[in-house]
Every structure is written in structure tokens, then in C-alpha cells.
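Here the structure is laid out as C-alpha cells; the discussion comes afterwards.
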Amino acid sequence: RSSPDVFESRMEKRHEVKKQPLGYSKQGEFIRCMEEKARPIFSLINTLESILNIEMVKEKSAEEIKQIWSQYFSAKDTVYAVIPAEKFDLIWKRAQKCPSFLYALPRKEGYEFFVGQWSGTELHFTSLINVQTQGETAPSQLVLYHYPELQEEKGIVLMTAEMDSKFLVVQEAQCLANQVQLFYATDRSETYELVETFNHRSSEFKYMSVIAELEQSGLGRALRPAGVSDKP
């Protein structure tokens, strides 16, 4: 009664909240939580030299280096890749403009969402529920390390990862890693537009659009038990 203008303003805001679609979340809040440098719980693999003798591979072709990289990591319980320079260029340019995205990981029932946040050439994944409950202190469950040292000379960017095996298995980590190329290296404007929306128009972002793209790509099918449909 003493402040009718304030009362009306609050009622309008309440009405706006009721109009928000089911599953809506204020993306900006947890994006801001992730904007500071991610805090990995893993050992620091911050240089290519800590894994590969660069001097020894200088005389080798890109294909030979790819074979060496694949042979070394195929025996390890982790995710790895050799990314063509042009594709990484596109991913990197887009990552500068849109450093965060929400990825969907198929589970036995429904999906679990992970926030992916770029920090330099590292890409940190943290489950959405942890981000919402722990904010900037939420630990990473998966970190993808990209090494562009050979990009100009050999035309390739090497990638490997570390993950928290209490939360993810290799197949699940691989699904998240594959989605980076699905959303950041796509030629399809509608797909990359989801990344732009998440970063710059968060109130318009729809969780279900990510799931729809993932189902269309078929990337998560291998994680589904037989007889379980791809429905959230």
C-alpha cells in the first residue's frame, strides 16, 4: 500500500517468470561462474613437449605423426584426436567469440548436461548440476588439451584429454569431445547458432535444441542401451 509502483513492478516480474518455458534456466548466471579460468583437478599437461619429442618428429610427415599419436594413446584409457588445421582454425575462432556451451550426454534415462568452457586451448567440461550448486568452485570432470605447435608446419593440431573416471568413462568423454566438432566446426548455420544463442542471447536458449541436434547427428546412439529410445 505504501509503494504501489514497487508492488506493480514485482507482480510484472512474477508474471514474466511464470511465462518462462519448462526447463528454463538463467544461463547467464552460470556462464558468469565459468568465465574465470577453470580449475582442473588433474595433473598439468600444459605442453606438447611433456608428451612428444617434437625434435624427433620434425622430419616426419603429418600422417606419420598421426600414426605415432594414435598408437601411443590407443593403449591408454583416454580420448585423443588429430584435428586438421583448417578445422581447428574454425573451432578456435568461434571459441574466442563463444567460449561456453551446453552439451548433452545421453544416460540410461534422459540426458545429463555439461557446461564446456574454453580456457586458452584447454576445454573444461563440468556437469551443469555442479555448476549450478557449486558455481566457480565446481571441478572439471573432463579437460581436452589442444596442441597447435605443429599446426603451421604440419597442418595438424594434436588433442588428448584427462577425465575424472568417477564421473565419466572413455565412451562418454568421447561423445562430449565429438560434440565440440559438431557444434563449433559445423557448416550448418542453424547448428552454430545454438552456440551463439547460449553465449549472447541466453534467455532464448533451449535445452531441447541441443538434444535435437545430438539425436540428428547420431553421436550419442552408442551410449544408449538396446531398446531405450532417444528421448529426454
Side-chain angles (χ1 to χ4, degrees), residues 38 40-43 45 48 51-52 65-85 87-88 90-92 94-95 99-119 121-131 138-148 156-188 191-192 194-195 198 207 210-226 228-230 232:
I41 58 173
F42 310 106
S43 61
I45 300 179
L48 183 58
I51 305 173
L52 187 70
I65 296 172
K66 180 179 179 179
Q67 290 176 1
I68 293 170
W69 192 256
S70 299
Q71 185 176 359
Y72 178 76
F73 283 104
S74 62
K76 299 182 180 297
D77 204 25
T78 190
V79 173
Y80 61 93
V82 178
I83 306 170
K87 182 172 287 189
F88 184 77
L90 179 59
I91 293 172
W92 182 243
R94 289 175 168 177
S100 306
F101 190 58
L102 192 71
Y103 302 85
L105 184 65
R107 295 299 196 186
K108 289 182 180 179
E109 295 181 1
Y111 290 83
E112 181 176 7
F113 290 98
F114 283 78
V115 178
Q117 172 72 28
W118 287 87
S119 176
T121 54
E122 298 175 7
L123 179 52
H124 294 251
F125 290 88
T126 307
S127 66
L128 175 58
I129 187 65
N130 282 355
V131 174
S140 303
Q141 275 90 50
L142 171 68
V143 182
L144 303 183
Y145 299 95
H146 300 86
Y147 304 103
I156 55 175
V157 172
L158 303 176
M159 186 272 281
T160 188
E162 286 189 282
M163 65 183 186
D164 189 335
S165 58
K166 296 192 297 293
F167 292 91
L168 295 168
V169 298
V170 171
Q171 199 173 23
E172 292 168 339
Q174 186 67 63
C175 180
L176 290 172
N178 288 342
Q179 288 184 60
V180 179
Q181 296 200 28
L182 171 65
F183 290 103
Y184 277 84
T186 181
D187 293 327
R188 202 167 165 266
T191 303
Y192 179 61
L194 292 176
V195 181
F198 183 83
Y207 290 65
V210 176
I211 293 174
E213 287 289 336
L214 183 61
E215 289 181 356
Q216 185 177 341
S217 72
L219 286 179
R221 235 168 255 158
L223 298 177
R224 288 291 192 195
V228 177
S229 63
D230 281 340

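Positions are given from 1 along the sequence.
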For a 4.5 angstrom cut-off between non-hydrogen side-chain atoms, does [X] reach [Y]?
{"X": "Phe125", "Y": "Gln141", "value": "no"}
{"X": "Leu102", "Y": "Tyr207", "value": "yes"}
{"X": "Leu168", "Y": "Leu105", "value": "yes"}
{"X": "Phe113", "Y": "Ile211", "value": "yes"}
{"X": "Leu52", "Y": "Leu158", "value": "yes"}

Item checked: Check against side chain to side chain contact (heavy atoms under 4.5 Å, CB included), Ile83 and Ile156 -> CA-CA 6 Å; Ile83 306 170; Ile156 55 175; over 6 Å; no
Notebook entry, point to check: What's the verdict on side chain to side chain contact (heavy atoms under 4.5 Å, CB included) for Trp69 and Ile51, showing C-alpha distance, side-chain angles and the deciding distance?
Noted result: CA-CA 10 Å; Trp69 192 256; Ile51 305 173; 4.0 Å; yes
Item checked: Test ring-ring contact (aromatic ring centres under 6.0 Å, His included) applied to Phe114 - qualifying residues, sequence neighbours left out -> none
Do any N or O atoms from the side chain of [X] and from the backbone of [Y] form a donor-acceptor pair under 3.5 angstrom?
{"X": "Ser74", "Y": "Gln71", "answer": "yes"}
{"X": "Ser217", "Y": "Leu214", "answer": "yes"}
{"X": "Trp118", "Y": "His124", "answer": "no"}
{"X": "Glu172", "Y": "Val169", "answer": "yes"}
{"X": "His146", "Y": "Thr121", "answer": "yes"}

Margin query: Could you check whether Tyr80 and Gln174, counting side-chain N and O atoms only, form a donor-acceptor pair closer than 3.5 Å?
Written below: no
Item checked: Short side-chain donor-acceptor distance under 3.5 Å, Glu162 and Tyr145 -> yes
Notebook entry, point to check: Which atom names give the shortest non-hydrogen contact between Ala104 and Gln179, and what distance separates them?
Noted result: O-NE2, 2.8 Å
Check: Which pairs pass salt bridge (Lys or Arg N to Asp or Glu O under 4.0 Å) with one or both residues in residues 174-183, sequence neighbours excluded?
Finding: none
Margin query: Filter on salt bridge (Lys or Arg N to Asp or Glu O under 4.0 Å), then keep only pairs touching residues 71-85, sequence neighbours left out; what's left?
Written below: none
side-chain hydrogen bond (donor to acceptor under 3.5 Å, both in side chains) with [X]: which residues, sequence neighbours excluded?
{"X": "Lys66", "answer": "none"}
{"X": "Glu213", "answer": "Arg188, Thr191"}
{"X": "Glu112", "answer": "Arg107"}

Notebook entry, point to check: What class does the angle between the rings of Phe101 and Tyr103 fall in, given that below 30° is parallel, 30 to 60° is tilted and above 60° is perpendicular?
Noted result: perpendicular
